[in-house]
Amino acid sequence: MIDLHSHTWFSDGLLSPHELMSRAAELGIRQLAITDHDSVAAHRAITAQDVPTGMQLIPGVELSTLWDNREIHIVGLFIDIADEPLNQLLLRQQDKRRKRAMDIGLKLEKAGVTGLSDYLADLPCEAISRNHVADFLIDRGHARNKQQAFSKHLGKRGRYHSQAEWCSISEAVTAIKAASGIAVVAHPDRYKLNRIKLRRLLTEFTEAGGDALEVSYSNLHPDKMNNLADLCCELDMWASVGSDFHTPHTTWMDLGRVRKLPAHCEDRALWLHPRWPVTDQQQSSA
Ligand code: AMP
Ligand code: MN
Ligand code: MN
Ligand code: MN
């Protein structure tokens, strides 16, 4: 099994890299990409001995970008985690995350809710996420669940919404490509774009040098997956597969809980990409 999108506690995931890889191994995942939001700290923390036998760990990242006033997530796979310009971009993005959290914290204080910065200071993450702020709001009784924390407080129409000025799609793609990576548009149906806008987004993405589209991911209706596969063929893109795993508690987004790619885009599977590295095991079994 393959899973090309997952998070650790270095961004808004619950598990350490070690726990994440163990869980993936138990679930039979042979190729796993760790793609934390705007951070490669998990990959810096992992040594070759930590990777379970038989597993290919793929160095990845998920960059937040702004496009047409919307937040679009771009996954980079097989990136060189030591690449200097990429790391500079990650530092800028992390800084924007800290500033946004402070801004939300100030808005909360004005409404009489204190303690966000202390709460965040105790977390192991390198990239502070609204997901953490949502946990804080639930913990303090200001929201019943994540969905409510976002719709009522943190989302675009939320009371404490704060917009970070993320990098552009072309900056993200350029940084990923310069770090020898493959660029993927993450979870395309979560942006609530109509077909024309989605096609425009993907066209701009491929023109900037982007490679692939997540066609199969958690909780995606098979009809929608087929539509995405059609788009992938039409725009001559590669097709990726990833759960976007954050925590074992969200069972419908568990590692590897994704459908197989539709037959008509199987030959576009990202692992057939010419720049996809072949592991020693694959070579010896070929
Ligand atoms: P950020 O990247 O800091 O803006 O935070 C966005 C993260 O919050 C996403 O990566 C999801 O993990 C999580 N998230 C966003 N919207 C929701 C939602 N409606 N319900 C639950 N989690 C969400
Ligand atoms: Mn997340
Ligand atoms: Mn995302
Ligand atoms: Mn993600």
| message | Let's go through D95 and R92 carefully: what are the C-alpha distance in whole Å and the side-chain angles of both, what is the deciding distance for salt bridge (charged side-chain N to carboxylate O under 4.0 Å, His left out) to 0.1 Å, and is it a yes or a no? | response | CA-CA 5 Å; D95 202 39; R92 290 198 296 275; over 6 Å; no
Next item on the list: Take V40 and N87 through the side-chain contact (heavy atoms from CB on, under 4.5 Å) test and state the conclusion after the steps.
Entry: CA-CA 8 Å; V40 294; N87 278 276; 4.0 Å; yes
message: For a side-chain contact (heavy atoms from CB on, under 4.5 Å) check, start with the C-alpha distance between I46 and I34, then their side-chain angles and the critical distance, and finish with the verdict.
response: CA-CA 11 Å; I46 296 166; I34 297 182; 3.8 Å; yes
Exercise for the section: Show the numbers, then the answer: is there a side-chain contact (heavy atoms from CB on, under 4.5 Å) between N219 and M253? Expected result: CA-CA 7 Å; N219 233 5; M253 281 173 81; 5.5 Å; no
Q) What do the steps show when you test W238 against L272 for side-chain contact (heavy atoms from CB on, under 4.5 Å), and what is the final call? A) CA-CA 9 Å; W238 295 88; L272 303 175; 4.0 Å; yes
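To the nearest 0.5 Å, the span separating OH on Y217 from NZ on K224 amounts to 7.5 Å. Taking OG from S218 and CG from D244, the interatomic distance works out to 7.0 Å, rounded to the nearest 0.5 Å. Here the straight-line distance linking atom CG of L91 with atom CG of L86 works out to 9.5 Å at 0.5 Å rounding. Atom-to-atom distance recorded for I58:CD1 and I79:CD1 is 11.5 Å, nearest 0.5 angstrom. Rounding to the nearest 0.5 Å places CG of L63 at 6.0 Å from SG of C167. The distance from the CG atom of L4 to the CG atom of L77 is 5.5 Å, given to the nearest 0.5 Å.
With contacts defined as side-chain heavy-atom distances shorter than 4.5 Å, the pair P188/L213 qualifies. The shortest distance between side-chain heavy atoms of K96 and D38 does not fall below 4.5 Å. A heavy-atom distance below 4.5 Å is not found between the side chains of R190 and H73. The closest side-chain heavy-atom distance from E71 to L66 is below 4.5 Å. Taking 4.5 Å as the limit, every side-chain heavy atom of V184 sits out of range of all side-chain heavy atoms of I176. P222 is listed as a side-chain neighbour of R259, based on a closest heavy-atom distance under 4.5 Å. Residues M225 and L261 are not in side-chain contact: their nearest non-hydrogen atoms beyond the backbone lie 4.5 Å or more apart. Using a 4.5 Å heavy-atom cutoff, the side chains of S129 and R97 are in contact.
Counting only distance, with no hydrogens or angles, the side chain of R275 and the backbone of G181 share a donor-acceptor pair below 3.5 Å. Looking at K107, its side chain never comes within 3.5 Å of a backbone N or O of R159 through a donor-acceptor pair. With R130 contributing its side chain and L154 its backbone, the two residues share a donor-acceptor pair below 3.5 Å. Not a single donor-acceptor pair under 3.5 Å links the side chain of S216 to the backbone N or O of K260. Not a single donor-acceptor pair under 3.5 Å links the side chain of D68 to the backbone N or O of R70. In this structure, the side chain of E19 does not engage the main chain of L15 through any donor-acceptor pair within 3.5 Å. With hydrogens and angles disregarded, no donor-acceptor distance shorter than 3.5 Å links the side chain of T250 to the backbone of F245. H43 contributes no side-chain N or O that, together with a main-chain N or O of T35, makes up a donor-acceptor pair within less than 3.5 Å.
At a cut-off of 3.5 Å, with distance as the only test, a side-chain donor of D230 or H264 sits close to an acceptor on the other residue. Side-chain contact of D3 with S243: a donor-acceptor pair under 3.5 Å is present, judged by distance alone. Side-chain N/O atoms of E62 and H7 include a donor and acceptor closer than 3.5 Å. Looking at H18 and D50, their side chains never bring a donor and an acceptor atom within 3.5 Å of each other. Using modelled atom types and a 3.5 Å distance limit, the side chains of W271 and Q31 yield no donor-acceptor pair.
No path of Ile, Leu, Val, Met, Phe, Trp and Tyr side chains, each step under 4.5 Å between heavy atoms, connects I138 with Y160, placing them in separate hydrophobic clusters. Cluster annotation: V75 is connected to L198 through the hydrophobic network of ILVMFWY side chains, with a link wherever side-chain heavy atoms come within less than 4.5 Å.
Between R200 and E204, at least one side-chain nitrogen of the basic residue sits less than 4.0 Å from a carboxylate oxygen of the acidic one, meeting the salt-bridge criterion. Between K177 and D211 there is a salt bridge, since a side-chain N of the basic residue sits under 4.0 Å from a carboxylate O of the acidic one. No salt bridge links K99 with D103; every basic N to acidic carboxylate O contact stays at or beyond 4.0 Å.
The ring pair (Phe, Tyr, Trp, His ring centres under 6.0 Å) contacts involving residues 189-208 comprise H187-Y191, where partners must be two or more places apart or lie in separate chains.
Smallest separation of non-hydrogen atoms from P17 and T8: CA-CG2, 4.0 Å. G256 and I29 make their closest contact through N-CD1, 3.6 Å (heavy atoms, listed as atom of the first residue, atom of the second, distance). Scanning all heavy atoms of the two residues, the minimum distance from W276 to L270 falls at CE3-O, 3.4 Å.
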Sequence neighbours excluded and cut-off under 3.5 Å, please list the side-chain donor-acceptor pairs for residues 112-126, or say none.
{"unit_1": "E126", "atom_1": "OE1", "unit_2": "S39", "atom_2": "OG", "d": "2.8"}
{"unit_1": "E126", "atom_1": "OE1", "unit_2": "Q94", "atom_2": "NE2", "d": "3.1"}
{"unit_1": "E126", "atom_1": "OE2", "unit_2": "R44", "atom_2": "NH2", "d": "2.9"}

